[in-house]
Amino acid sequence: MRSGRFVSFFRIAALLVVLMVKLLWILLILEWSIRRARREFEKQILVYGVSREYARRMSATYRSVMRRSVRSMLKRSLGRSLWME
């Protein structure tokens, strides 16, 4: 009986580790996508004749807003699934 609990504990621990790795992978992909979008945003602003300094400042603001919105979306989805059900 104790060996069954021992095995199930390690099974749950392994599943949690896999879940955490997958969540970190998703965050890494999202961060990479935000970085690419920031670069493209900066290029588009430069096409309209904005100076490079202002384009960088605007793209930095764009990146911070995007990161904040992605994080809040993830927090809302995790919070809703854990405490609302």
Got a second to check how far [X]'s [atom1] is from [Y]'s [atom2], nearest 0.5 Å?
X	Y	atom1	atom2	value
Met58	Arg38	CE	CZ	13.0 Å
Ile45	Arg57	CD1	CZ	12.0 Å
Arg63	Arg35	CZ	CZ	5.0 Å

remark   = Students should find that the hydrophobic cluster of Ile12, defined by side-chain heavy atoms under 4.5 Å apart, otherwise consists of Leu16

Smallest separation among heavy atoms of Ala55 and Val50, with atom names =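 In terms of heavy atoms, the two residues are closest at N-CG1, 4.0 Å.
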
task = Enumerate the residue pairs fulfilling ring pair (Phe, Tyr, Trp, His ring centres under 6.0 Å) with a member in residues 55-76, sequence neighbours excluded, ordered by first and then second residue.
result = Phe41-Tyr62

key: side chain to side chain contact (heavy atoms under 4.5 Å, CB included) partners of Ser51, counting only residues at least two apart   =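 By the side chain to side chain contact (heavy atoms under 4.5 Å, CB included) rule, Ser51 matches Glu53, Tyr54.
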
inquiry  = Applying ring pair (Phe, Tyr, Trp, His ring centres under 6.0 Å), can you list everything that pairs with Tyr48, at least two apart in sequence or on another chain?
reply    =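 Tyr48 satisfies ring pair (Phe, Tyr, Trp, His ring centres under 6.0 Å) with no other residue.
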
What donor-acceptor contacts under 3.5 angstrom involve side-chain atoms of residues 21-30, with partners at least two apart or in another chain?
none

task = Identify, with sequence neighbours excluded, every residue that meets side-chain hydrogen bond (donor to acceptor under 3.5 Å, both in side chains) alongside Arg67.
result =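 Glu31.
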
ask   = Quick one: salt bridge (Lys or Arg N to Asp or Glu O under 4.0 Å) partners of Arg39, sequence neighbours excluded?
value =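 Arg39 satisfies salt bridge (Lys or Arg N to Asp or Glu O under 4.0 Å) with no residue once adjacent residues are dropped.
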
task = Can you tell me which residue pairs pass the salt bridge (charged side-chain N to carboxylate O under 4.0 Å, His left out) test with a partner in residues 9-18, sequence neighbours excluded?
result = none

